[in-house]
Amino acid sequence: MTDVMQNPDGVGSFTGYAMPVGPYKARRQRGPAYFVTLGIWVIVLVLAMMALSVVATQINQSPVKYRCPPECGRPPTGLPVATNPRYFAPDGSFSVSYPAPGTAYDVKTDDTGVTAELNIGDGGTLRLFSQPARGRDAKTVAADLLGEMYPDAVTSYELPNAILGYEPGYGEVADDWPKGTSTDADHLRILIVVAVKNDLALIAGAVGPFHQFGPDDGPGPPSPANLFIAKDMGKYVNSFMWRGDPPR
């Protein structure tokens, strides 16, 4: 105040307020909190990214990876259209598609499954049925069936990676000549595929005259099946379902 009073022109002075005489302490002014502001922005961005990630996983679920077989999943575009009738066991233990009556087959059903007699080409019989496994594996079930129905049959070869109803199993192709015959005209070809699940064996079997396939006669790709009815058998083998299997 003394300087201001001694310098009435205001040179080198400033306007202020009169304060009582005494010591004073000025408060230190804090500068901008750059690191705090940056930290808050980082935390907000991380939380926003986490929230978006959760929303993305809920909207677009990642595809399920299957190990096929036996876990082959479901069709990617929806349930398949069923063009053939379906047999359901009376106890609900299994079901299977079978040829529509009145087509190329004469069809009969019973409590164990379906029997279809082919009326064109070489003919033949297709059986789609079940049998209690009673602790047996698929190969033992197939051997017991062949021994019971065709005791003189001779194994031609085993089917590699045999699958029935998308369940790994056992398959075999065998040859049989009825007793008292030895000519090719009497040569029977037998094909059997078995899979076991829930101690229930599901079986697809076919028998008919031996028919040598070739480039101009057969299912198309090279095949050692040499059985006319086998050309129409695949879609029924894969249609088997045990109780509790998901639709496919």
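Counting begins at 1 with the first residue of the sequence.
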Review point. Among all residues two or more places apart in sequence or in another chain, which pass the side chain to side chain donor-acceptor pair (under 3.5 Å) test with Ser93?
Key: Asp91
Exercise for review: Please report the closest heavy-atom contact between Ala104 and Ile120, naming both atoms and the distance.
Suggested key: CB-CD1, 3.9 Å
Practice item. Could you note down all residue pairs passing ring-ring contact (aromatic ring centres under 6.0 Å, His included) where residues 213-234 supplies at least one of them, sequence neighbours left out? Key: His211-Phe213
Check your understanding: Does Val194 share a hydrophobic cluster with Phe129, counting links as ILVMFWY side-chain heavy atoms below 4.5 Å and allowing steps through other members?
Key -> yes
Check your understanding: Please walk me through it: do Val173 and Leu159 pass side chain to side chain contact (heavy atoms under 4.5 Å, CB included)?
Key -> CA-CA 7 Å; Val173 175; Leu159 296 175; 3.9 Å; yes
Point to revise | Nearest-0.5 Å distance, CD1 of residue Ile192 to CD1 of residue Ile203 | key: 6.5 Å
Review point. Tell me, which pairs form a salt bridge (charged side-chain N to carboxylate O under 4.0 Å, His left out) where one or both residues lie in residues 225-242, sequence neighbours left out?
Key: Asp232-Lys235
Exercise for review: For Asn84 and Ser97, work out which heavy atoms get closest and say how close.
Suggested key: CB-CB, 4.4 Å
Check your understanding: Same cluster for Tyr170 and Val207 if Ile/Leu/Val/Met/Phe/Trp/Tyr side chains link at under 4.5 Å?
Key -> no
Practice item. For Gly171 and Ala162, work out which heavy atoms get closest and say how close. Key: N-CB, 3.4 Å
Revision key, fill the gap. The side-chain contact (heavy atoms from CB on, under 4.5 Å) partners of Ala204 (sequence neighbours excluded) come to Leu128, Leu164, Met233, Val237, Phe240
Review point. For Glu117, which residues count as a salt bridge (Lys or Arg N to Asp or Glu O under 4.0 Å) partner, sequence neighbours excluded?
Key: none
Exercise for review: Indicate yes or no: at least one non-hydrogen side-chain atom of Asp122 is less than 4.5 angstrom from one of Ile229.
Suggested key: no
Point to revise | For Ile40, side-chain contact (heavy atoms from CB on, under 4.5 Å) partners two or more places apart | key: Val36, Val44
Revision key, fill the gap. Asp175 meets the salt bridge (Lys or Arg N to Asp or Glu O under 4.0 Å) criterion, sequence neighbours left out, with Arg189
**Study point:** Minimum side-chain heavy-atom gap Trp177-His187 below 4.5 Å
**Key:** yes
**Study point:** Under the side chain to side chain donor-acceptor pair (under 3.5 Å) test, residues paired with Ser130 that sit two or more places apart
**Key:** none
Exercise for review: List for me each residue that meets salt bridge (Lys or Arg N to Asp or Glu O under 4.0 Å) alongside Lys139, sequence neighbours excluded, and say none if there are none.
Suggested key: Glu158
Study note, to complete from the structure: Shortest non-hydrogen pair, Tyr87 vs Gly113, comes out as OH-N, 3.4 Å
**Study point:** side chain to side chain donor-acceptor pair (under 3.5 Å) involving Thr112 - partner list, sequence neighbours excluded
**Key:** Asp110
Review point. Going by the salt bridge (charged side-chain N to carboxylate O under 4.0 Å, His left out) test, which pairs reach into residues 190-206, not counting sequence neighbours?
Key: Lys197-Asp245
Study note, to complete from the structure: When rounded to the nearest 0.5 Å, the distance separating CG of Leu188 from CD1 of Ile190 is 6.5 Å
Exercise for review: With rounding to the nearest 0.5 Å, note down the distance linking CZ in Phe88 to CE in Met241.
Suggested key: 8.0 Å
Point to revise | Any donor-acceptor N/O pair, Arg127 side chain to Val114 backbone, under 3.5 Å | key: yes
Exercise for review: Taking all non-hydrogen atoms of both residues into account, name the closest pair between Pro99 and Pro85 and its distance.
Suggested key: O-CG, 4.1 Å
Show which side-chain atoms of residues 144-155 pair as donor or acceptor with protein atoms under 3.5 Å away, not counting sequence neighbours.
from, atom 1, to, atom 2, distance (Å)
Asp144, OD2, Arg136, NH1, 2.8
Thr155, OG1, Glu172, OE2, 2.5

Exercise for review: Taking the side chain as every heavy atom from C-beta outward, state whether Thr125 and Thr115 have any atom pair closer than 4.5 Å.
Suggested key: yes
Check your understanding: Which pair of non-hydrogen atoms, one from Val107 and one from Ala116, has the smallest distance, and what is that distance?
Key -> CG2-CB, 4.2 Å
Check your understanding: Between Met50 and Val54, is any pair of side-chain heavy atoms under 4.5 Å apart?
Key -> no
**Study point:** Interatomic distance, Arg134 atom CZ to Leu200 atom CG [nearest 0.5 angstrom]
**Key:** 10.5 Å
Check your understanding: Just wondering, do Asn161 and Ile163 contact through their side chains at under 4.5 Å, heavy atoms?
Key -> no
Check your understanding: What class does the angle between the rings of Tyr236 and Tyr105 fall in, given that below 30° is parallel, 30 to 60° is tilted and above 60° is perpendicular?
Key -> perpendicular
